[in-house]
Student: 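A single structure is presented below for examination.
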Protein chains: 2
Amino acid sequence: MNTLPKPPLLMVDVVLMALVDGALHVGLARRANPDEPFFGAWALPGGFVRPQDDQSAEDTARRVLRDKAGVASPYLEQLYTFAGATRDARGWSASIVYYALVPAHVAPPGSEAFRWEPVDTVRELPFDHGRILATALERVRSKTSYSALPLYLAPAEVTMSQLRTIYEQVLGGTLEPRGFERRMVEMDILEPTGRLQSAGGKPAKVYRQVSGRGSAQLGPSLLPR
Amino acid sequence: MNTLPKPPLLMVDVVLMALVDGALHVGLARRANPDEPFFGAWALPGGFVRPQDDQSAEDTARRVLRDKAGVASPYLEQLYTFAGATRDARGWSASIVYYALVPAHVAPPGSEAFRWEPVDTVRELPFDHGRILATALERVRSKTSYSALPLYLAPAEVTMSQLRTIYEQVLGGTLEPRGFERRMVEMDILEPTGRLQSAGGKPAKVYRQVSGRGSAQLGPSLLPR
DNA sequence: AAAATAGTGTCTTTCAGACAATATTTA
DNA sequence: TAAATATTGTCTGAAAGACACTATTTT
């Protein structure tokens, strides 16, 4: 008898990140299908591409986020595609992985099916999700070091020191207030609201995000300026 | 009657680049299968993942390069995955795209089935290969501006001005000899052979590539140094 | 007034760009 | 010797880092 060659599996997984209680967390979904591997375990939210429902892989990512995390319209960017014969016991598989950032006030609460875990103390994850998370962290930290990416983790209005704290949480270190302010101004991503906001000392200027500038960045360095 | 839902197609395409006659070229393969779209047209070399033959997507990329371009062991890096319902007339498809760099002396000659085309004057390509090529160029130029990536386009031994010319060809512009030399030294990717090599004027120092350092890079700029 | 927090001034060092000057070949 | 090519010296301005100082609030 002749076994039919199985086609490779095609899925999308999403590394969803937000600042919860001020620290960077990743969103995990409980695997809910008894017929699939790791039933009941906490894993990155993911799902198979549905050619009928999804026009693109990004559509799949948005559907997964909506269904498994209850998140509506996050910042979404393709990270990498993890593929091979051994990463999923069901056979050859490819997972197109996206990462997503949402501001704290939009982060959904935990539930039976969804929870937030601090990125630095996540326990063992199923499949190759540990490696995927590490890759996502690397990317987010790298982009944070030369762009305005962390704005997607921030509310629409922030003070300089709030934003600096967000950068520090993502990077894991402290930043010079003076230099930080200079670079933010240089990237042209914030405009003053004119209002002030106090947090127990001198009130801070409140800035509004200039819309859609979260990926503004500083120029590279080898090219002549 | 009930149409069976077709699974999505999974393929790998490769943007192969080399310096031919000193200018950056991309390798194109003639589409050889009469049963497939764009039969006879010149396109990026690609092929379906073969779960039986390939352990990983990178394996598929290497197989494609070997079979369609006759290239053995190039620098290979995943670029992006292009996926969606409309990019291939046969149905929902995902192409995991890699880009590859080879030094000029390893670049295979043209044939009935393979040819080199200058990256800036490539005619219309089938599928979304035009967009894929543009994305690859963007990535290579971006990495070139802060890393030693172009070493993979160079022979094992080079002079400073040869290497500078390579960078200039990739970036499309001229670079200051002084600053260029400083940055190369800083990246610690070359060691002197002690030999000299003349090209009609003062002989240049010949350097040897420090193995496996083609992706050495300068640090980012937002982080404290 | 003291503590807390925010924001600014500015000195110093480092780095990038520019380009002149020097060096060593071939024609 | 002139032309070609390579390499180095160094001046200048801009940017980054460090940090002290000023400002404005709450307690």
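Only a predicted model underlies this, so the values are computations on that prediction, with no experimental measurement involved. Lettering follows sequence order; numbering is per chain, from 1.
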Student: Would you check if the side chain of B:Gln209 reaches a backbone N or O of B:Pro155 as a donor-acceptor pair within less than 3.5 Å?
Tutor: yes

Student: Charged N to carboxylate O under 4.0 angstrom, B:Glu181 versus B:Arg178?
Tutor: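 Looking at B:Arg178 together with B:Glu181, the answer is yes, because their closest N to O distance falls below 4.0 Å.
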
Student: So which nucleotide from D:dA16, D:dA6, D:dC19 ends up closest to the side chain of A:Glu186?
Tutor: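 Selected nucleotide: D:dA16.
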
Student: Mind calculating the distance between CZ (A:Phe180) and P (D:dA18) to the nearest angstrom?
Tutor: 16 Å

Student: Is the backbone N or O of A:Glu138 less than 3.5 Å from a side-chain atom of A:Ser142, with the two atoms forming a donor-acceptor pair by type?
Tutor: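 No: the side chain of A:Ser142 does not pair with the backbone of A:Glu138.
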
Student: Counting distance only, does the side-chain N/O of B:Arg139 pair as donor-acceptor with the main-chain N or O of B:Leu79 below 3.5 Å?
Tutor: yes

Student: Calculate the interatomic distance between B:Met184 atom CE and C:dA16 atom C1'; express it in whole Å.
Tutor: 14 Å

Student: Please compare B:Arg182 and B:Met160 by the position of their nearest nucleotide in DNA chain D and report the one closer to 5'.
Tutor: B:Met160

Student: Going by an N to O cut-off under 4.0 Å, is there a salt bridge joining B:Glu186 and B:Arg182?
Tutor: no

Student: Could you tell me whether a side-chain N or O of A:Thr193 sits under 3.5 Å from a main-chain N or O of A:Val206, the two making a donor and an acceptor?
Tutor: yes

Student: Would the distance check show the side chain of B:Arg63 and the main-chain N or O of B:Asp54 forming a donor-acceptor pair, the cut-off being under 3.5 Å?
Tutor: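 Answer holds: no.
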
Student: Rounded to whole angstrom units, what separation is found between the CD atom of A:Glu181 and the P atom of C:dA6?
Tutor: 13 Å

Student: Over how many whole Å does the gap from B:Glu176 atom CD to D:dA6 atom P extend?
Tutor: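 For the pair B:Glu176 CD and D:dA6 P, the rounded distance is 15 Å.
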
Student: Would you kindly give the NZ-to-C1' distance between A:Lys205 and D:dT25, to the nearest whole Å?
Tutor: 15 Å

Student: Might you list the N or O atoms of the protein lying below 3.5 Å from N or O atoms in nucleotides 25-27 of chain C, with each pair's distance?
Tutor:
none

Student: Are any of B:Arg183's side-chain N or O atoms less than 4.0 Å away from OP1 or OP2 of C:dG17?
Tutor: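 Yes, within the criterion.
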
Student: Establish, yes or no, whether the cationic atom of B:Arg115 lies under 6.0 Å from the six-membered ring centre of B:Trp42 and within 45° of the ring axis.
Tutor: yes

Student: Would A:Asp13 and A:Arg131 pass as an ion pair if we require N to O under 4.0 Å?
Tutor: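 Looking at A:Arg131 together with A:Asp13, the answer is no, because their closest N to O distance does not fall below 4.0 Å.
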
Student: May I have the distance from B:Tyr207 (atom OH) to D:dA6 (atom P), rounded to whole angstrom?
Tutor: 12 Å

Student: Both distances under 3.5 Å, Watson-Crick or G-U wobble: on that basis, could you give the dot-bracket string for DNA chain D, with [ ] for crossing pairs and | for other-strand partners?
Tutor: |||||||||||||||||||||||||||

Student: Tell me whether the side-chain N/O atoms of B:Ser161 come closer than 4.0 Å to OP1 or OP2 in D:dA6.
Tutor: yes

Student: Expressed in angstrom and rounded to an integer, what is the separation of B:Gln197 atom CD from D:dT5 atom C1'?
Tutor: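 After rounding, the reported distance stands at 12 Å.
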
Student: Below 3.5 Å, does any donor atom in the side chain of B:Arg178 face an acceptor in the base of D:dG9, or the other way round?
Tutor: yes

